[in-house]
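A short worksheet on the structure shown next.
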Amino acid sequence: MANNTDNTLIERLFNAGAHFGFSKSRRHPTVAPYLFGTKNGNDIFDLEKTAELIETAKAVVTEAGKNGKTVLFVGTKEEASRLVREAAEKAEQPYVVNRWIGGMITNFGEIKKRIARLKELNDEKESGELERKYTKKERVLFDREVDKLSFNFGGIKTIERNPDLMIVVDPRHDAIAVTEAGEANIPVIGITSSDANLGPITHPVILNDALQSSLSLAIDELAEAYVAGRKEYTPKPVAPRGGNARYRRPRDNA
């Protein structure tokens, strides 16, 4: 039986419309264990199981925060992008909300070059170097380059290595991101409806991923879990050569 906290979460999920899935004809077989039934030809999720999945995912994210791990938030479909960006910013973690560029994980070395180029142009713009060295027409071209790089890489411009965990809204829509994470052995929390294959998802969260109220509830729960975990994060002691152990705070990848 669910405890009081679970009951509260179940009520919130119900009020958010999280229990509505797609039509039975769109159902992927791997989602069947999480269904309560069907109504008017549409799948209905078992919200008690959904609440349990959310709590499991929150525990994973909290642990990542406690250990100072980097969590990449991904959600490029229109109804999810704003919510994903806001959640990532709340957690001070990187995000991809406009377009997943192939190789963001599996070819991160090349992606780092594009991020470095974005930083270089922004630094030169802020210092006034672009204005001093180039004509107005040339600066227009640089501005366009900055806009394009920011669109593609702005959410990950501060990371220096692959993330430790990925949260993906609608893994069917962002299947390339999930595939790359799998190739790099990065665990994936997938917020998904009834039409996705759960096989590649390490920790599924099954609910209505087409409704903003439902998505907002789930993604906010995960962001808040990371923030709570991060408050307990303590950098590990590092012993410098020829000296006593001291604390060295690693670079923040957020």
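Not measured: the values here are computed from a predicted model.
Looking at Ile159 and Phe108, their side chains come closer than 4.5 Å, going by heavy atoms from C-beta outward. Val188 places none of its side-chain heavy atoms less than 4.5 Å from the side chain of Pro200. Phe73 places none of its side-chain heavy atoms less than 4.5 Å from the side chain of Leu83. Side-chain atoms of Lys137 and Val140, non-hydrogen and from C-beta on, never get closer than 4.5 Å to each other. Using a 4.5 Å heavy-atom threshold, the side chains of Glu221 and Val61 count as separate. For the pair Leu9/Leu13, a side-chain contact is recorded, criterion being any heavy-atom separation below 4.5 Å from C-beta on. Looking at heavy atoms from C-beta onward, Thr192 lies out of side-chain contact with Ile201 at the 4.5 angstrom threshold. With contacts defined as side-chain heavy-atom distances shorter than 4.5 Å, the pair Glu89/Tyr95 qualifies.
The salt bridge (Lys or Arg N to Asp or Glu O under 4.0 Å) pairs that include a residue from residues 196-216 are Lys77-Asp209, where partners are two or more places apart or lie in different chains. Sorted by first then second residue, the salt bridge (Lys or Arg N to Asp or Glu O under 4.0 Å) pairs that include residues 32-43, not counting sequence neighbours, are Arg27-Asp43. Pairs of residues two or more places apart, or lying in two chains, never qualify as salt bridge (Lys or Arg N to Asp or Glu O under 4.0 Å) while including a residue from residues 178-188.
Annotation for Asn42 and Ser23: closest pair OD1-CA, 3.3 Å, computed over non-hydrogen atoms. For the residue pair Ala177 and Val74, the shortest heavy atom distance occurs at CB-CG1, 4.3 Å. Taking all atoms of both residues into account, the shortest heavy-atom contact from Ala223 to Ala91 is O-CB, 4.2 Å. Of all heavy-atom pairs between Leu207 and Ala218, the closest is CD2-CB, 3.6 Å. Here the closest non-hydrogen pair linking Ala16 and Leu217 is CB-CD1, 4.2 Å. Closest approach of Lys66 and Glu232 over heavy atoms only: CE-OE1, 3.3 Å.
Partners of Lys69 by side-chain contact (heavy atoms from CB on, under 4.5 Å), not counting sequence neighbours, listed by chain and number: Ala64, Asn67, Asp164. Annotation: salt bridge (Lys or Arg N to Asp or Glu O under 4.0 Å) contacts of Asp147 (sequence neighbours excluded): none. Remark: Lys24 engages no residue in a salt bridge (Lys or Arg N to Asp or Glu O under 4.0 Å) (not counting sequence neighbours). For Glu63, the salt bridge (Lys or Arg N to Asp or Glu O under 4.0 Å) criterion is met by no residue, not counting sequence neighbours. Residues passing the ring-ring contact (aromatic ring centres under 6.0 Å, His included) test with His19 are Phe14, sequence neighbours excluded.
Taking CG of Asn15 as the reference point, atom OG of Ser214 lies at 11.5 Å (rounded to 0.5 Å). In this structure, the separation between CG on Asp195 and NE2 on His173 is 11.5 Å, given to the nearest 0.5 Å. In this structure, CD1 in Ile167 is found 5.5 Å from CD1 in Ile219, a value given to the nearest 0.5 Å. Between atom CZ of residue Arg99 and atom CE of residue Met104 there is a gap of 8.5 Å, rounded to the nearest 0.5 Å. Between Ser213 atom OG and Asn208 atom CG the span is 7.5 Å, to the nearest 0.5 Å. Taking CZ of Arg172 as the reference point, atom CG of Asp174 lies at 12.0 Å (rounded to 0.5 Å).
Leu35 belongs to a hydrophobic cluster with Val31, Tyr34, Phe45, Leu53, Leu198, Ile206, counting contacts under 4.5 Å between side-chain heavy atoms of Ile, Leu, Val, Met, Phe, Trp and Tyr, direct or through other members. Through ILVMFWY side-chain contacts below 4.5 Å, Leu211 is grouped with nothing and stands alone.
The cluster map of Ile, Leu, Val, Met, Phe, Trp and Tyr, joined by side-chain heavy atoms under 4.5 Å apart, puts Ile176 and Leu72 in the same cluster. In the hydrophobic clustering of this structure, Ile186 groups with Ile101; members are Ile, Leu, Val, Met, Phe, Trp, Tyr whose side-chain heavy atoms approach within less than 4.5 Å, directly or through other members. Under a hydrophobic-cluster definition in which Ile, Leu, Val, Met, Phe, Trp and Tyr are linked whenever side-chain heavy atoms come within less than 4.5 Å, directly or via other members, Phe142 and Leu149 are assigned to the same cluster.
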>> Let's go through Ile191 and Leu222 carefully: what are the C-alpha distance in whole Å and the side-chain angles of both, what is the deciding distance for side-chain contact (heavy atoms from CB on, under 4.5 Å) to 0.1 Å, and is it a yes or a no?
In response: CA-CA 10 Å; Ile191 301 175; Leu222 296 179; 4.0 Å; yes
>> Between Ile105 and Met166, is the side-chain contact (heavy atoms from CB on, under 4.5 Å) condition met? List the steps.
In response: CA-CA 11 Å; Ile105 287 179; Met166 183 185 292; 3.2 Å; yes
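Formation of a donor-acceptor pair under 3.5 Å by the Ser194 side chain with backbone atoms of Phe22 is found in this model. Checked by atom type and distance alone, the side chain of Lys125 never pairs as donor or acceptor with a backbone atom of Asp143 at under 3.5 Å.
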Which donor-acceptor pairs under 3.5 Å do the side chains of residues 113-120 make with protein atoms, sequence neighbours left out?
residue : atom : partner : partner atom : Å
Lys113  : NZ   : Glu110  : OE2          : 3.0
Arg117  : NE   : Glu145  : OE2          : 2.9
Arg117  : NH1  : Glu120  : OE1          : 3.2
Arg117  : NH2  : Glu145  : OE1          : 3.2
Lys119  : NZ   : Asp123  : OD2          : 2.8

Throw together a table of side-chain donor-acceptor distances under 3.5 angstrom for residues 150-157, partners on residues two or more places apart or in other chains.
residue : atom : partner : partner atom : Å
Ser150  : OG   : Val146  : O            : 2.8
Asn152  : ND2  : Lys148  : O            : 3.4

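With respect to the salt-bridge test (charged N to carboxylate O, under 4.0 angstrom), the residues Lys90 and Glu86 do not qualify.
For Ile44, the CD1 atom sits in a packed shell: over 12 heavy atoms of surrounding residues, nucleotides or ligands are nearer than 6.0 Å.
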